[in-house]
Structure formats: C-alpha cells, structure tokens
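To keep things clear, I will list the structure first and then write my remarks on it.
Numbers here simply count residues along the sequence, with the first being 1.
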Amino acid sequence: MSDEFQGRIELDVRDSVADWKPYEPPKAPDDAPNVLVILYDDTGMASWSPYGGRIDMPTMDRLAENGLTYTQWHTTALCSPTRSTFLTGRNHHLNGMGNIMEGTNGFPGLSGHIPAECATIGQVLQQNGYSTFWVGKDHNVPEEDISAGGSKEQWPLSQGFDRFYGFLGGETNNWYPDLVEDNHFIEQPYLPEDGYHLSRDLADQTIRLLRDQNASNPSKPWYTWFCPGANHAPHHAPQEYIDKYKGAFDDGYDAYRSWVLERMIERGVLPSDTELTPLNPMPEDQANVADFVKPWEELSEEEKRLFSRMAEVFAGFSEYTDAQIGRLIDYLEETGQLDNTLIFYCADNGASGEGSPDGSVNENKFFNGFPDDLAENLSKIDVLGGPETYNHYPTGWAAAFSSPFQMFKRYSQFSGGTCDPMVIHWPAGIKAKGEIRHQYHHSVDVVATVLDVIGIEMPEVFRGIEQRPLDGVSMKYSFDAEPDGPTQKSVQYYAMLGTRGIWKDGWKAAAIHAPLTGHGRFDEDRWELYHTDEDRSESKDLAADYPEKLRELVTAWNEQAEKNNVLPLDDRSARDQLTIERPQAEPPRNRYIYYPDTTPVPESVAVNVRGRSFKIIANVEIEADAQGVIFAHGSRFGGHALFIKDNRLNYVYNFLGIPPEQTYTSGKLEPGKHSLGMEFNRLKSGEHGESVGQCTLFIDELAVAEGPMRAQVGKFTLCGDGLCVGYDSADTVSTQYTNPFPFTGGTIQGVGIDVSSEQYLDFELEALGAFARE
C-alpha cells in the first residue's frame, strides 16, 4: 500500500470519527404522560352507571367524577373496524378493515391488512421514547396469519408494541381462553376451578408489565392498550357478581328504556326533550328477522325469567371486569403514576344483537345461521355465565342498552350502533372535574388526541413510506371547553355490512337498510335525515322538509366513500361472509396430516370439514390400558373428537353444543397396531343449511358403528379451540372426558383428515403410506 493511499485512509477515518456521535435512544418530551386506553366490547351508552345505566361501574364512576364524560363519542359499529381506528387514526376502510377480520373479502377497503401507509400509534410512540403494551383482544390480525407458522407482520409486536398478552380473534371463552404471549400461543396459567377468569388474568398481566417497566425504566413513559373480553359474548362472570343483580332487570327491556332515558336526562347526558325511538324501527321489507325484538308484554313468564337472568349475567360480567380494572387504577395510584396518566375508558360499538330474539346459550349459532331454541336456553338458566354456556342476551337488551337510539351493533347509520360511552381522566392536564362534554367525536379521533397531548406529530414519512394524513381530529380542545361548546369535527362517514350513514355539521343522513340480509339493491335505499344538534336520539325524519340538505349529505357520503375505499357494499349473511374462501399461505389441498406434540392448530388454517363429506384416520399402536384423545377440534359448543375411553373407540360430533352429543362407539379394542377412524358421508342440507348424512366408525378396515349425523356448515368458533392431536386443549369437545385427557398407553403416529370424495378405505391405504414415509 502506497504512503499516499494510507494517508488518505487515515484522513477519511479521522473525518468520520470527528463526525461520529454516540447512539441516543428515542426520548419522549419532558413530562410526557403515560397513556392507558381501556376498550370494552359491545356496550351501548345506556348500560353503565356514569350515564345513568343500571350496571354499577365503580371504577368508571371514580374516573368520571374526576374527569370528563363524553355524550356524542362514536365508533364504526363493529369490532375490528373500530379497533383499527384506535391503532392508526385513519378511517377503517383505509386500514383495510371495512368488516371484522373473519368477514374480509379482498377489496381494498376490506383487505384485512393495515397498509404501511397507515403507521400505528404504537410504532410512532416507540420511535418517540415510549414503552408500548397491548393486553387483551386484538382482532386486527388476518385469519390466515393466526397460527404458529403464520406471518407475524400484522401481530401486535410488529405493529409497534413491545409486549402483548391476550387473544388475537374476535372473542374467546373467558373460562378457557385462546391465549397468546408476544409471538407465541400459550396455555392459560390456571383453570376456572382454581379461580381463573380472563378479566382477572388480563389485569394481573397488565400490572406485571407495568411493574417490570417501573423496575427497569422508571423515567420512561408508557402506552398501554387494555382490551378485555367483556362485554362481548360469551357473557361469563363469577357467580357472586351475577347474583348481585338478581331481580334488577325483572321490569324488562321495554321499561328499562324509559327508565334509563329519564336518568340520562337527569344527569345531563341527553337534552330534556329527547324522545325514545321505536323498538323495532326497520320497515318490514328491510328488517333482518334475527334482529327483531319481542315486546316484553307478549313474553311468557318463563321467557321473562330467562331474559332477565341473561341481563343479570351481562351486568355481572361488566362490573366484574370493571373491578379488575380498578385493581390496575389502584396500582397506578399507589405508585404515583395516576395523575399524569391520560386514561380513555370506552367501548368499541353499540350493544350486541347477536343473541337473536330469544337469547342464546351458544352465540356461535348466530354465526352458523342456526336458530336458538327457547327450551334449550331455559334448561341452562341456572348455569348461565359459567363454563357450561357460551351465552348471549336477546335483542331486546341490545336495544335497551343502546337507548334512546335506534337499533344496536352493526347498524352504522344509527347512533344505537355507534354512540358509545367515553370517559377521559387526566388530573395533570384537565382542570375540569366531573363535567360532561357534548362535542361530537369518533374513535378515529383518539390517535390525534394522544399525539396532541404528548406534543408530537404523525410523521409524513415512516420507514421510507409516505403516510396517509390522519383522519381524526384532536379532542384536546374539549378538555377545558364549555360542555356545549362547538365541536372541531366537521364530517364523519359510516358504512358497515351494507348500512350507510353520514354526520356533517350537526346533521345526519341514514340509509334505511339492515345489515346481513342479502337484500342488496342499495340504489333503492330510502334515506332519512336528522338534525342531531336538536334531535339527539335521531327520532324525527326531516327528509321531506329539507330535501336539499339530504341531497347534500348523500353527495358527501358518496365523496367520502370514494376517498376512503368504502365500495363495494356487502350485506350478505353472517354465515356467508364468514365462510368464504380466503387466500392462504399454504396451497389448498384435500388431505391433511397432523402429528402429536404440536400446539393447537387454529380453525382459520386447520382442515375445513364444514359443509362437506370427510374422513379421519389415525395410525396408532395401543396397549391394553390405552386411553385419551387421539384427535379433537373445537369445544363443547361445537366440535368433534376421536378418543379411547374404557377400552373403546369413540367419535363424538358436538353440533353447536345441542344435546345430546352425537356419539359413535366401538366394541372392545385389542392391543396392537391399528388404523382408527371415521367417515362422514354428507347426503343433503338440513332445514337451516346444516349438513345431514351418515357417520361410520372404523377399526382398521372394519366398520364397527354407524348412524345418522348432522354437522355444522359454519365455524366451530370465531377463534380458539384449535385442532389438537393427542390431547384436547382449553374447553373439551365432549363431556365424556375432562381437559386435557392426554393419550396414554400407546403411541400416535399421526392423524390424517381427507375432504376429497374418495372412500375411507382408499384414504386408509394412502395415509398408511404417508405415515410410514414420515
């Protein structure tokens, strides 16, 4: 190397060293507050005590007395879409979330994937020195990615959160939840008989995360998103919380609506001239029969007793979860963090009407398009809220808890679907205490508010990608505004499951169209007009009086739809939307092989046996004392299992949890190597679309039991209760064994499932070859 070249290198190095600066980690602005966002599910504004409701919420009351209660805060009318707006501050269709994740259809506004142009609040705060935690429900991960081997791109840790503990789907069993910690699935830490309930566990884990933060980085602010399973079905609660409400709802949902409206007016939540809307406002040619409300006075005494008990369970679930949140608030106070923690306590959409007019002991019937049965519901009245049920109240309580507005969850054109509770608490930054705010706002405004309070902006470019501007408007101005002061928001569109509406400068236009009907013909929809500044309950249609104003708003909706990727509209039934085929990372196939010692395979990526013939075969070697689960998928509320008990092979198909379990049992098994399995031959559709056919149980090539069988065409569950080999995780498929009933006294080589049209014996030969190769 020449002296001249060496000198040039040394000069370059000295120049580089002179310009070098040590790495400095991101730092939040001085005195930046912590942020805690508490987001309940499926809760109308008339439910809770701060708004005059009959459900006691001591923690929320405490925060409201020292903070602000908002009366015109709105959501999208459905879970995933609202939650996406909390994540990004952009409208839900721009996030690809025009529907729940299980109903996405691939169009840009319904892709189910948050685009890189919509950076999340977690990502932005991470780059500004915040720790970020997400606890509880997610429901913004594409179905095909909810698996151990799926892409983690849309999981919380990739969306800007340092830690995650909760569940990824739209709901979960609160006694036997489908849990994820960070980027992997886990089993629940203990069982219901030992005191487990999801709400308690989530509060425990949140306090643990914050304690860890305080131990290692006490000067660093944090952002925590706390999303309990409450108040989404299943409505599960400890018995003492349910019993507290015994008799509290005996007057019925009709009476509750009038009672709660008076309380809301007394508290200043609603103007004194607010009127109740009709209980069944949809015209007959548009109404969804599953959303009909039975008038209380027309119910039998048994129906009244059942429906009242279902409301008691819901109330107990809500208050129990509030009590767990109270433990978290107590921790913040004890550690001196409460005063400078900005808290949002709210819900993601109106009360849920997914319980049908009769209520349900298994909400999954709604998603299968299968009617509830009053006699079955009554038989479970004494165990409602416990592990034996997956319960949901009837539509009457959805309407009551969304009073005084029309309809409930899914109806985005009415405030019954979108007007939700919101309390904001921040002693260090809000002078007003115990006051009400009537400014009109929306869930898309929360991100803008958080950034405004902290003093940072959404970047124009994030990780090299030009960002979409925020659609939300900061609510910070309202903290110290007059209760009736003007809003700084000017327009907000609504669209969900075929429903449409738009609010603009104090006026609202609503298309009269029910969700999930399959009616179509959107160009024939009639639009109503409400002056919401004067008519908060949207009870007076002014379309005939102000046709020009209506045309202005309909035009504005079309402009917003174009701008936000809203079209096309889709009002197909829940079952149709949940069961359409979606792109998968794995190519489609007719034969699946599963092996022992793997985590449960979620239904979104497991073999789909719905609405078709199928075969299951397991290659095993058993000893004289062999017993346990060979294969299980689902739970007692819908699923099937192949297991050995009392030296006999059993196959159980639990159809939507409706007793009796469909059971097929062999004679005594002989020790040795066997092929054990079953075949379902689908012959026709039943009255409600279910599969009807014949089941045959096999030991080797010999048919040992057979009989008629019906099978679901919809999912076993929206999430959780995945496919297992060698055990049954979480809630068991059959009551004939207890969790997890592991396979012992032999070995399972593998389990094959075939959904082609070939006969069982043909599949047996091929499966044996596949197992041998493995």
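By the 4.0 Å N-to-carboxylate-O rule, Asp484 lies too far from Arg437 to be salt-bridged with it. Between Arg54 and Asp251 there is a salt bridge, with a side-chain nitrogen of the basic residue lying less than 4.0 Å from a carboxylate oxygen of the acidic one. Between Arg62 and Asp330, at least one side-chain nitrogen of the basic residue sits less than 4.0 Å from a carboxylate oxygen of the acidic one, meeting the salt-bridge criterion. A salt bridge is absent between Lys433 and Glu435: the closest approach of a Lys/Arg side-chain nitrogen to an acidic carboxylate oxygen does not fall below 4.0 angstrom. Looking at Lys504 and Glu552, a side-chain N of the basic residue comes within less than 4.0 Å of a carboxylate O on the acidic one, giving a salt bridge. In summary, Arg526 and Glu528 engage in a salt bridge, as defined by a charged side-chain N under 4.0 Å from a carboxylate O. A salt bridge does not link Asp42 with Arg410: none of the charged nitrogens is closer than 4.0 Å to a carboxylate oxygen.
Classified by interplanar angle (parallel below 30°, tilted 30° to 60°, perpendicular above 60°), the ring pair Phe317/His235 is tilted. Taking the six-membered ring where tryptophan is involved, the planes of Tyr493 and His92 are essentially parallel, since the angle between them stays under 30° and well short of 60°. Using the six-membered ring where Trp is involved, Trp225 and Phe86 have ring planes that are parallel, under 30° apart on the 30 and 60° scheme. Between Phe401 and Tyr393, the two ring planes are tilted [angle within 30° to 60°]. Ring pair Trp397/Phe249 is perpendicular by interplanar angle, where above 60° counts as perpendicular and below 30° as parallel.
Taking every heavy atom of both residues into account, Glu538 and Ser415 meet most closely at OE2-OG, 2.7 Å. Of all heavy-atom pairs spanning Thr85 and Ser443, the tightest one is OG1-OG, 2.8 Å. Among all heavy-atom pairs drawn from Ala399 and Val293, the shortest one is CB-CG2, 4.3 Å. The two residues Asp162 and Ser131 make their nearest non-hydrogen contact at OD2-CA, 3.2 Å. A pairwise comparison of heavy atoms in Trp557 and Gly501 identifies CD1-O, 3.1 Å as the closest pair. Between Gly353 and Thr395 the shortest heavy-atom distance is O-CG2, 3.5 Å.
Within 6.0 Å of atom NZ in Lys540, more than 12 heavy atoms from other residues, nucleotides or ligands are found, so the atom counts as buried in its surroundings.
With 3.5 Å as the limit, one finds a donor-acceptor pair spanning the side chains of Ser49 and Asp61. If you check the side chains of Thr277 and Ser537, you find no donor sitting under 3.5 Å from an acceptor. For the residue pair Asn349/Thr82, the side-chain donor-acceptor check at 3.5 Å is not satisfied. At a cut-off of 3.5 Å, with distance as the only test, a side-chain donor of His513 or Asp525 sits close to an acceptor on the other residue. With 3.5 Å as the limit, one finds a donor-acceptor pair spanning the side chains of Thr59 and Asp322.
Put simply, the side chain of Asn214 never gets that close to the backbone of Leu210: no donor and acceptor are under 3.5 Å apart. Remark: the backbone N or O of Thr43 is not paired with any side-chain donor or acceptor of Asn231 at under 3.5 angstrom. The closest donor-acceptor contact from the side chain of Ser318 to the backbone of Ala315 lies at 3.5 Å or more, if one exists at all. Within the 3.5 Å criterion, the main-chain N or O of Thr76 finds no donor-acceptor partner in the side chain of Ser412. No donor-acceptor distance shorter than 3.5 angstrom exists from the side chain of Asn565 to the backbone of Ala561, with no hydrogens or angles considered. Side chain of Ser402 to main chain of Ala398: a donor-acceptor pair is present (N/O by atom type, distance under 3.5 Å, no hydrogens or angles). Of the possible polar contacts, one joining the Asp445 side chain to the Val473 backbone as a donor-acceptor pair under 3.5 Å is found. Counting only distance, with no hydrogens or angles, the side chain of Asn95 and the backbone of Ser84 share a donor-acceptor pair below 3.5 Å. Within the 3.5 Å criterion, the main-chain N or O of Val566 finds no donor-acceptor partner in the side chain of Asn564. Between the side chain of Gln467 and the main chain of Ile465, a donor-acceptor pair closer than 3.5 Å is present.
Looking at heavy atoms from C-beta onward, Val423 lies out of side-chain contact with Phe344 at the 4.5 angstrom threshold. Contact check for Phe462 versus Gln123: side-chain heavy atoms found under the 4.5 Å cut-off. Put simply, the side chain of Trp507 reaches to within 4.5 Å of the side chain of Leu542, judged on heavy atoms. Two residues are said to be in side-chain contact when any heavy atoms from C-beta on lie closer than 4.5 Å; Arg90 and Leu470 meet this criterion. With a 4.5 Å cut-off on side-chain heavy atoms, His113 and Pro115 do not count as touching. Counting heavy atoms from C-beta outward, Tyr331 and Thr335 have side chains that approach closer than 4.5 Å. With a 4.5 Å cut-off on side-chain heavy atoms, Pro271 and Ile265 do not count as touching. Val35 has its side chain out of reach of Thr224: every pair of non-hydrogen atoms, C-beta onward, lies at least 4.5 Å apart.
A cation-pi geometry, defined here as NZ or CZ lying under 6.0 Å from the six-membered ring centre and within 45° of its normal, holds between Lys508 and Tyr494. Cation-pi geometry between Arg163 and Trp134 is not satisfied (NZ or CZ under 6.0 Å from the ring centre, within 45° of the ring normal).
Checked against salt bridge (Lys or Arg N to Asp or Glu O under 4.0 Å), Glu482 has no partners two or more places apart in sequence or in another chain. Residues meeting the side-chain contact (heavy atoms from CB on, under 4.5 Å) test with Ala510, sequence neighbours left out: Gln413, Phe414, Tyr530.
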Worksheet item: So Thr132 and Trp222, side chain to side chain donor-acceptor pair (under 3.5 Å) or not? Walk me through it.
Response: CA-CA 6 Å; Thr132 52; Trp222 47 261; over 6 Å; no

Discussion item. Test salt bridge (charged side-chain N to carboxylate O under 4.0 Å, His left out) on Arg83 and Asp41; report intermediate values, then the result.
Written reply: CA-CA 10 Å; Arg83 289 164 191 271; Asp41 224 312; 3.2 Å; yes

Worksheet item: Step by step, would you call Trp426 with Thr341 a side chain to side chain donor-acceptor pair (under 3.5 Å)?
Response: CA-CA 6 Å; Trp426 183 32; Thr341 298; over 6 Å; no

Item to complete: Decide yes or no on salt bridge (charged side-chain N to carboxylate O under 4.0 Å, His left out) for Arg536 and Asp533, but give the supporting numbers first.
Response: CA-CA 6 Å; Arg536 287 280 300 283; Asp533 278 355; over 6 Å; no

Worksheet item: Can you list the steps and then say if His232 with Glu171 is a side chain to side chain donor-acceptor pair (under 3.5 Å)?
Response: CA-CA 7 Å; His232 200 290; Glu171 64 184 38; 3.2 Å; yes

Discussion item. Assess the residue pair Gln439 and Tyr477 against the criterion (side chain to side chain donor-acceptor pair (under 3.5 Å)); give the C-alpha distance rounded to whole Å, side-chain angles, the decisive distance to 0.1 Å, and a yes or no.
Written reply: CA-CA 10 Å; Gln439 288 79 15; Tyr477 75 92; 5.4 Å; no

Worksheet item: Does the pair Tyr440 and His74 meet the rule for a ring-ring contact (aromatic ring centres under 6.0 Å, His included), with working shown?
Response: CA-CA 8 Å; Tyr440 192 103; His74 292 259; 4.4 Å; yes

Fill in: ring-ring contact (aromatic ring centres under 6.0 Å, His included) between Tyr256 and Trp259, intermediate numbers included
CA-CA 5 Å; Tyr256 183 92; Trp259 176 89; 5.6 Å; yes

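Side-chain rings of His531 and Tyr546 stay apart, their centers remaining 6.0 Å or farther from each other.
Exactly one residue among Lys563, His442, Gln492 makes a side-chain hydrogen bond (donor to acceptor under 3.5 Å, both in side chains) with Asn91. That residue is Gln492.
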